[in-house]
Protein chains: 2
Amino acid sequence: MAKITTSSTRASRLRQRSLERREAERVRLRDELLAVAERLLQENGYAGFSLRQVAEATGYTPTTIYRYFDDRDALLKTVISKWFTTFAREQEAAYRSASSPRDRLMAMAAAYLRFAVEHPAVYRVMFLERMDIGLLPGGDSFEKDPGFGVLMRAVTELRDAGGTGELDPMAAAMALWVGLHGVAAMAVCSGILDGIGAERLGMLVTANTLSGLAGQ
Amino acid sequence: MAKITTSSTRASRLRQRSLERREAERVRLRDELLAVAERLLQENGYAGFSLRQVAEATGYTPTTIYRYFDDRDALLKTVISKWFTTFAREQEAAYRSASSPRDRLMAMAAAYLRFAVEHPAVYRVMFLERMDIGLLPGGDSFEKDPGFGVLMRAVTELRDAGGTGELDPMAAAMALWVGLHGVAAMAVCSGILDGIGAERLGMLVTANTLSGLAGQ
DNA sequence: TGACTATGGTAACACCATTAACCAAAAGCG
DNA sequence: CGCTTTTGGTTAATGGTGTTACCATAGTCA
């Protein structure tokens, strides 16, 4: 009886280890697929990122990817969602880097453009080419996104300090955002801003918008 | 002698007519290809517009299109260049619709957003997805584009009226444009602005930028 | 051991742009 | 008129894409 029990637990331990190895290998391959997909996306852009290339780079066949992701969009979505987290973290860091509402917003604007300029292909997918992917809460609840939640917080503080008159914080935040988005879109889509400097123009636009809001 | 001459001119006239018919048929088919390509682009967007579909819709084979255009990009470029002309005409009309620099810029902003909202797929290709296509003069000479030339004119007039301080008109025009572009990009890429109203936000952003510029 | 499942691969379908080879008809010309 | 060349279309093929159905092997577990 004791012998049988021992043997049984030993077998179950072996089985357990095997399961763990399998599971570890599974997440390892999944992570590798994600890493390769991210690299290809940054190198070749959205259009130049294909399942076949991901498969080729990892030494598997394209169909294998379907064991780990529903389809191309699901893979892309997983890659991009990590970037949304990074984006939010950087915005929060910029928020904390200053104390006055105005300085905070200027720091966040600088961080916003830095993100776009440093990761142009990623920015394109996030905010231009695949905005439909649904990682940004749409409609009137987009402030639920962590990255824009901190923007809303800063803008609300600015209003409480009397910096936006009676204007709806949502509208004020939008006004600030679209200016940055315009600069960023220009920067990542064309060379038009190369000579001007996206950061410089972004600071000008943001400062303008802030003083415009102050006059409301 | 006279007879021969007559016969010769008659033959040459027939030949001339034949040439004209051929030429007319050639431009007709070319125009049909352009019209179908434009329609498909507006219906399906840039990604969903293919030579095969254009060929299918016109009753020809895909290869025939290569007799009239170098490749897919050349066809797209021809379609889009007509839209740049339309865009410039609308901007000029907006410019003429008001008399003061400020009113002119507000009217142009409204026209800009109307263009984007009414032709979202076209706007996307022109200013987001295929800005590389080279129809906008790049670098520091982008004011050579007719549509932005009139913007530069209006901004220069605004400066002469004391509306932008000593700020470079180019920078001021950029500041105005990127705000609109941000709103437009948001409008054509997502439903985020559906509840807010792109035109309303665009007017707010433009008014903000103008009052910000006035404080320079 | 035998059934079941998980994870890979193969082959195929349906698209896509692009190119080469080809062919009929028209144009040009002696 | 008859010959050659050019024009305007075709078919066939190359190489790329996402995606699916099916198969084989190996591991899990009764």
Side-chain angles (χ1 to χ4, degrees), chain A residues 4 7-33 36-37 40-41 44-79 129-130 133, chain B residues 4 7-33 36-37 40-41 44-77 79 130 133:
Chain A
I4 291 173
S7 163
S8 168
T9 52
R10 219 171 85 116
S12 77
R13 257 179 312 195
L14 283 176
R15 206 171 46 214
Q16 185 65 18
R17 287 295 182 83
S18 178
L19 273 177
E20 285 166 7
R21 269 196 306 269
R22 279 172 80 80
E23 178 59 18
E25 170 59 18
R26 183 174 175 83
V27 310
R28 192 207 58 80
L29 178 48
R30 193 186 136 96
D31 287 349
E32 183 183 346
L33 291 172
V36 169
L40 289 174
L41 179 66
N44 309 333
Y46 170 58
F49 139 83
S50 75
L51 293 185
R52 288 183 139 89
Q53 285 182 50
V54 172
E56 174 66 24
T58 50
Y60 290 85
T61 56
T63 51
T64 296
I65 303 179
Y66 284 86
R67 296 281 170 196
Y68 294 83
F69 301 94
D70 281 347
D71 50 20
R72 182 171 181 259
D73 264 19
L75 173 59
L76 182 71
K77 204 166 160 173
T78 309
V79 171
E129 293 175 314
R130 291 308 306 275
I133 216 166
Chain B
I4 292 171
S7 162
S8 167
T9 52
R10 216 169 89 110
S12 78
R13 259 181 309 194
L14 284 176
R15 206 170 47 214
Q16 185 64 17
R17 285 296 182 82
S18 177
L19 269 178
E20 285 168 7
R21 269 197 306 270
R22 278 172 82 80
E23 178 60 17
E25 169 58 20
R26 185 173 174 83
V27 309
R28 192 206 59 78
L29 178 49
R30 194 185 135 98
D31 286 348
E32 184 184 346
L33 291 172
V36 168
L40 289 174
L41 179 65
N44 309 334
Y46 171 57
F49 141 83
S50 74
L51 293 185
R52 287 180 134 87
Q53 286 182 49
V54 173
E56 174 67 24
T58 51
Y60 291 83
T61 56
T63 48
T64 297
I65 303 178
Y66 285 86
R67 295 277 171 197
Y68 295 84
F69 301 95
D70 281 348
D71 51 20
R72 182 172 180 260
D73 263 20
L75 173 58
L76 182 72
K77 204 166 160 174
V79 171
R130 292 308 305 276
I133 216 166

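Quick caveat, the model's predicted, so the values are computed rather than measured.
- Listed pair B:R26 / D:dG8 meets the phosphate criterion, a side-chain N or O lying under 4.0 Å from OP1 or OP2.
- In this structure, the helix from C:dT1-D:dA30 to C:dG30-D:dC1 shows an angle of 20° between the axis at its start and the axis at its end, each fitted on 5 base pairs and rounded to 10°.
- Atom CD of B:E23 is separated from atom P of D:dG8 by 9 Å (rounded to the nearest Å).
- Figure legend: cation-pi geometry between B:R30 and B:Y60 absent, as NZ or CZ is not positioned both under 6.0 Å from the six-membered ring centre and within 45° of its axis.
- C:dA17 atom C1' lies 12 Å from atom CG of B:L75, rounded to whole Å.
- In this structure, B:R22 and B:R26 have side chains that are not in contact, with every pair of non-hydrogen atoms separated by 4.5 Å or more.
- Proximity of B:T61 to the phosphate of D:dG9: no side-chain N or O atom is located under 4.0 Å from OP1 or OP2.
- Within the 4.0 Å cut-off from OP1 or OP2 of C:dT7, not a single side-chain nitrogen or oxygen of A:Y68 is found.
- Considering only side-chain N and O atoms, B:Q53 lies nowhere under 4.0 angstrom from the phosphate OP1 or OP2 of C:dC15.
- With D:dA21, C:dG8, D:dG18 as the candidates, the nucleotide lying closest to the side chain of A:L51 is D:dG18.
- Residue A:R21 contributes atom CZ, which lies 15 Å from atom P of C:dT7 at whole-angstrom precision.
- Proximity note for A:R67 (side chain, C-beta onward) versus C:dT7, C:dA12, C:dA27: the nearest is C:dT7.
- Heavy atoms of A:S50 sit under 4.0 angstrom from primed sugar atoms or phosphate atoms, though from no base atom.
- Between the A:R72 side chain and the A:F49 main chain, a donor and an acceptor come within less than 3.5 Å of each other.
- Using a 4.0 Å heavy-atom criterion, one finds that A:R52 contacts the bases of the nucleic acid, with or without backbone contacts as well.
- In this structure, A:T64 does not reach the C:dG8 phosphate: none of its side-chain N or O atoms is under 4.0 Å from OP1 or OP2.
- Regarding contacts with the backbone of D:dT19, a side-chain N or O of A:Y66 is found under 4.0 angstrom from either OP1 or OP2.
- Residues forming a salt bridge (Lys or Arg N to Asp or Glu O under 4.0 Å) with A:D31 (at least two apart in sequence, or on another chain): none.
- Put simply, the side chain of B:N44 reaches to within 4.5 Å of the side chain of B:Q53, judged on heavy atoms.
- Note that A:R28 lies outside the cation-pi zone of A:Y68, set by a 6.0 Å cut-off to the ring centre and a 45° limit from the axis.
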